[in-house]
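Hydrogens, waters and symmetry mates play no part in the numbers below; they use all other heavy atoms, side chains included.
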Amino acid sequence: MFNRREIMTDPRYTKLANLLVTYSTELNKNDRILLEMFDVPDEFSIELMRAARRVGAIPLIEVRHTRVSREMILGTNPEHAQLVHDVELSRMKRVQAYIGVRGSANASENADVPNELMSQYSKTLRPVQNWRVNKTRWCVLRWPSPSMAQGANMSTEAFENFYFDVCT
């Protein structure tokens, strides 16, 4: 019989998740937290949800992919932007805390998105970000990726070790 606890999880994931929950956002019992994960390994997302649950918090998770988000931005228009604004702001107003973890296989994924669309989309989300910054306990961090390692002129393994040493 399968037991979910038998899955080997990188202990660095557990350590980082616990720090984000207990130190960075100081989650408490019955706090609602939005976990927004961009191109992050599922194993880390699961560890973060488990860490939130261990302190009695209620996690709400959104898993996003940069390539998919790029396509959404390419097709945005004022009506779409308003809908995104309304949905995202409503959700943010219902949580006490937020953790955003952003990874990307390609740091230049949105390089060919026209500036006016990126600007419109950013303007759409600005009130959501303002609410998050001013009204929630929050933490946003990057996730180590081969793209980041390359930018640091390091191997992926060496960069991951450096990242987790610094963050934990």
L83 and E79: side-chain contact (heavy atoms from CB on, under 4.5 Å), yes or no, with the steps? CA-CA 6 Å; L83 177 62; E79 294 78 23; over 6 Å; no
How far apart are the closest heavy atoms of A107 and S104, and which atoms are they? N-OG, 3.9 Å
Does the side chain of L16 come within less than 4.5 Å of Y163's, by heavy atoms? yes
Determine the minimum heavy-atom distance between A97 and L27, stating which atoms define it. CB-CD2, 3.5 Å
Shortest non-hydrogen separation from P59 to M49 and the atoms involved: CG-O, 4.0 Å
According to a 4.5 Å side-chain heavy-atom criterion applied to Ile, Leu, Val, Met, Phe, Trp and Tyr, with indirect links allowed, do Y23 and Y98 form part of one hydrophobic cluster? no
Is there side-chain contact between V101 and C139, with heavy atoms separated by less than 4.5 Å? no
Output, in order, the C-alpha distance, side-chain angles, deciding distance and verdict of side-chain contact (heavy atoms from CB on, under 4.5 Å) for D31 and I58. CA-CA 6 Å; D31 278 346; I58 305 163; over 6 Å; no
Hydrophobic cluster identity match, M118 and L74, side-chain contacts under 4.5 Å: yes
May I ask you to test the F164-P144 pair for a side-chain heavy-atom distance under 4.5 Å? yes
Donor-acceptor under 3.5 Å (R137 side chain, T25 main chain): yes
Could you check if a side-chain atom of T124 sits within less than 4.5 angstrom of a side-chain atom of T76, using non-hydrogen atoms only? no
Quick check on side chain to side chain donor-acceptor pair (under 3.5 Å): which of T14, D10, T9 does R12 satisfy it with? D10
Is it possible for you to say whether V63 and V40 belong to one hydrophobic cluster, with membership spreading through side-chain heavy-atom contacts below 4.5 Å? yes
Taking R32 for its side chain and A57 for its backbone only, find out whether a donor-acceptor pair lies under 3.5 Å. no
List the steps and the verdict of side-chain contact (heavy atoms from CB on, under 4.5 Å) for R126 and N130. CA-CA 6 Å; R126 194 165 299 121; N130 289 341; 3.9 Å; yes
Shared ILVMFWY cluster between V140 and V128, side chains joined below 4.5 angstrom? yes
Any chance CD of E116 has more than 12 other-residue heavy atoms, nucleotides or ligands included, within less than 6.0 Å? yes
Is the shortest heavy-atom distance from the side chain of I99 to the side chain of I33 under 4.5 Å? yes
With side chains defined as the heavy atoms from C-beta onward, is the minimum distance between V84 and L125 less than 4.5 Å? yes
Closest approach of V21 to A52 (non-hydrogen atoms, all atoms of both residues): CG2-N, 3.8 Å
side-chain hydrogen bond (donor to acceptor under 3.5 Å, both in side chains) contacts touching residues 57-72 (sequence neighbours left out): E36-R64, D39-T66, E62-R91, R64-E88, R70-D112
Ignoring hydrogens and geometry, is there a side-chain-to-backbone donor-acceptor pair from S108 to A111 under 3.5 Å? no
Flag yes if V55 and V95 sit in one hydrophobic cluster, no otherwise; membership is Ile, Leu, Val, Met, Phe, Trp, Tyr, and two members link when side-chain heavy atoms are under 4.5 Å apart. no
Do T22 and E26 come within less than 4.5 Å of each other through their side chains, counting heavy atoms only? no
Flag, side chain of T156 to backbone of P146, donor-acceptor distance under 3.5 Å: no
Would you say L34 and M92 make side-chain contact, with heavy atoms under 4.5 Å? yes
Heavy-atom neighbours of N115 CG exceed 12 at 6.0 Å: no
Please report the shortest heavy-atom distance between A149 and S155, naming the atom on each side. CB-O, 3.7 Å
One should read off an interatomic distance between L141 CG and L20 CG, to the nearest 0.5 angstrom, of 5.5 Å
If you round to the nearest 0.5 Å, how far is CD1 of I46 from CE of M37? 10.5 Å
So W143 and F44, would you call those rings parallel, tilted or perpendicular, with 30° and 60° as cut-offs? tilted
Can you tell me how far apart CZ (F159) and OG (S147) are? Round to the nearest 0.5 Å. 9.5 Å
For the CD atom of Q82 and the CG atom of N77, what is their distance to the nearest 0.5 Å? 11.0 Å
In Å and rounded to the nearest 0.5 Å, what is the CG to CG distance from L48 to L35? 4.5 Å
Return the OH to NE2 distance between Y121 and H85, rounded to the nearest 0.5 Å. 12.0 Å
